[in-house]
Amino acid sequence: QQQVKQSPQSLIVQKGGIPIINCAYENTAFDYFPWYQQFPGKGPALLIAIRPDVSEKKEGRFTISFNKSAKQFSLHIMDSQPGDSATYFCAASMIQGAQKLVFGQGTRLTINP
Amino acid sequence: DTAVSQTPKYLVTQMGNDKSIKCEQNLGHDTMYWYKQDSKKFLKIMFSYNNKELIINETVPNRFSPKSPDKAHLNLHINSLELGDSAVYFCASKPWGGTEAFFGQGTRLTVV
């Protein structure tokens with residue numbers, strides 16, 4: 001029930017393409033869904049996050065789509081650039097309490113020039 | 001002016017040794033965490049402290065002992081290191097009731 005499943009494990013896209021990374025969760029008590037971006041040798045950094053009361057959130061070229069009934073959410077990167085090449089993690093947590101993040105398995109994204 | 005800093009960045013040690021990793025945050029946050037990232041890059045919570053009080057203790061071997069001397073510091077002591085402890089350990093912090101967690105740059109522990 002605490003799992004977050006992420007796919008694909010790796011993704012290669014040409015510059016300008018729109019990579020899409022998908023996540024699914026089981027625990028309906030989760031009410032905060034962030035995406036983290038991690039570059040080699042660095043810690044994860046928050047990219048964008050969504051609460052379940054909205055179905056979509058955009059920040060710059062990054063969009064989260066959220067489907068509460070299906071318990072799924074996804075990250076879209078518009079006009080992808082080689083600098084977006086990184087590992088992306090979806091996560092879920094509960095706003096109340098200690099708010100531990102339950103992470104997906106990660107997606108290694110490569111954007112080719 | 002690093003927000004969450006960990007020391008050391010790299011640690012290579014022999015099986016059976018005891019080692020510590022230190023974490024400090026200058027963000028004024030109340031809540032701090034230790035996460036472990038394994039060789040497949042999977043990130044998993046280990047511990048969390050809020051205002052020096054342990055609030056999360058996942059199923060981690062008791063060879064791992066966290067300590068928070070004050071709310072800006074969270075250390076991780078590991079006894080009798082095993083090969084399987086090799087991983088990257090991340091410290092993170094956030095304000096209690098806030099949502100964004102800030103991660104340190106990680107400590108790569110290699111047990112040989």
Side-chain angles (χ1 to χ4, degrees), chain A residues 1-11 21 23 27 30-54 57 59 62 64 66 85-110, chain B residues 2-10 21 23-25 27 29-51 53-60 66 68 74 87-108:
Chain A
Q1 265 244 318
Q2 288 292 318
Q3 276 190 323
V4 176
K5 293 183 181 174
Q6 182 173 345
S7 63
Q9 257 188 318
S10 63
L11 186 54
I21 305 170
C23 284
N27 188 346
F30 288 143
D31 57 3
Y32 174 67
F33 302 90
W35 285 89
Y36 278 79
Q37 181 188 53
Q38 185 180 27
F39 292 105
K42 303 289 186 188
L46 180 66
L47 191 61
I48 185 173
I50 198 167
R51 300 286 307 274
D53 50 348
V54 296
K57 183 174 181 182
E59 281 184 8
F62 300 91
I64 301 179
F66 188 85
S85 298
T87 300
Y88 292 81
F89 293 93
C90 63
S93 75
M94 289 174 263
I95 292 279
Q96 293 298 320
Q99 294 185 38
K100 67 177 184 181
L101 290 165
V102 179
F103 283 93
Q105 295 90 332
T107 296
R108 180 178 241 171
L109 174 65
T110 303
Chain B
T2 306
V4 181
S5 59
Q6 296 178 228
T7 52
K9 188 165 182 183
Y10 300 98
I21 306 171
C23 178
E24 176 182 5
Q25 54 95 4
L27 298 166
H29 292 165
D30 307 294
T31 310
M32 296 185 73
Y33 304 85
W34 280 112
Y35 284 86
K36 179 180 179 180
Q37 187 169 48
D38 63 21
S39 57
K40 294 185 179 176
K41 295 219 158 216
F42 185 61
L43 275 158
K44 193 170 190 305
I45 183 87
M46 298 175 70
F47 302 103
S48 177
Y49 272 76
N50 183 59
N51 267 328
E53 183 186 342
L54 181 66
I55 55 172
I56 294 176
N57 185 349
E58 293 288 296
T59 46
V60 177
S68 181
L74 180 62
V88 182
Y89 293 85
F90 286 100
C91 176
S93 75
K94 68 167 199 63
W96 181 258
T99 50
E100 182 176 357
F102 292 80
F103 283 77
Q105 83 278 20
T107 296
R108 182 176 291 277

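Every value quoted in this text rests on a predicted model; they were computed, and no experiment measured them.
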Which atoms of Lys42(A) are under 4.5 Å from chain B, going by heavy atoms: the side chain, the backbone, both sets, or neither?
backbone

Enter the distance from Leu46(A):CG to Phe103(B):CZ here, rounded to the nearest 0.5 Å.
9.5 Å

Measure the spacing between NZ of Lys40(B) and CD of Gln9(A) and express it to the nearest 0.5 Å.
8.0 Å

Interface residues of residues 42-49 of chain B facing chain A - heavy atom cut-off under 4.5 Å
Phe42(B), Leu43(B), Ile45(B)

Pairing residues for Thr107(B) by the side chain to side chain donor-acceptor pair (under 3.5 Å) criterion, not counting sequence neighbours:
Gln6(B)

Residues in side chain to side chain donor-acceptor pair (under 3.5 Å) with Gln37(B), at least two apart?
Gln38(A)

Residue among Ile55(B), Thr99(B), Ile56(B), Thr31(B) with most heavy-atom pairs under 4.5 Å to chain A:
Thr99(B)

Can you tell me which of Ser93(A), Ala45(A), Gly43(A), Pro44(A) forms the most heavy-atom pairs within a distance under 4.5 Å of chain B?
Pro44(A)

Do you know which of Ile95(A), Val102(A), Leu101(A) has the most heavy-atom pairs with chain B at a distance under 4.5 angstrom?
Leu101(A)

CD of Glu58(B): more than 12 outside heavy atoms within 6.0 angstrom?
yes

Tell me whether the count of non-hydrogen atoms from other residues, nucleotides or ligands lying under 6.0 Å of CD in Glu53(B) goes above 12.
no

Under 4.5 Å from any heavy atom of chain A - which part of Tyr35(B)
side chain

Sequence neighbours excluded, every pair satisfying side-chain hydrogen bond (donor to acceptor under 3.5 Å, both in side chains) that has a member inside residues 87-96 of chain B:
Gln99(A)-Lys94(B), His29(B)-Ser93(B)

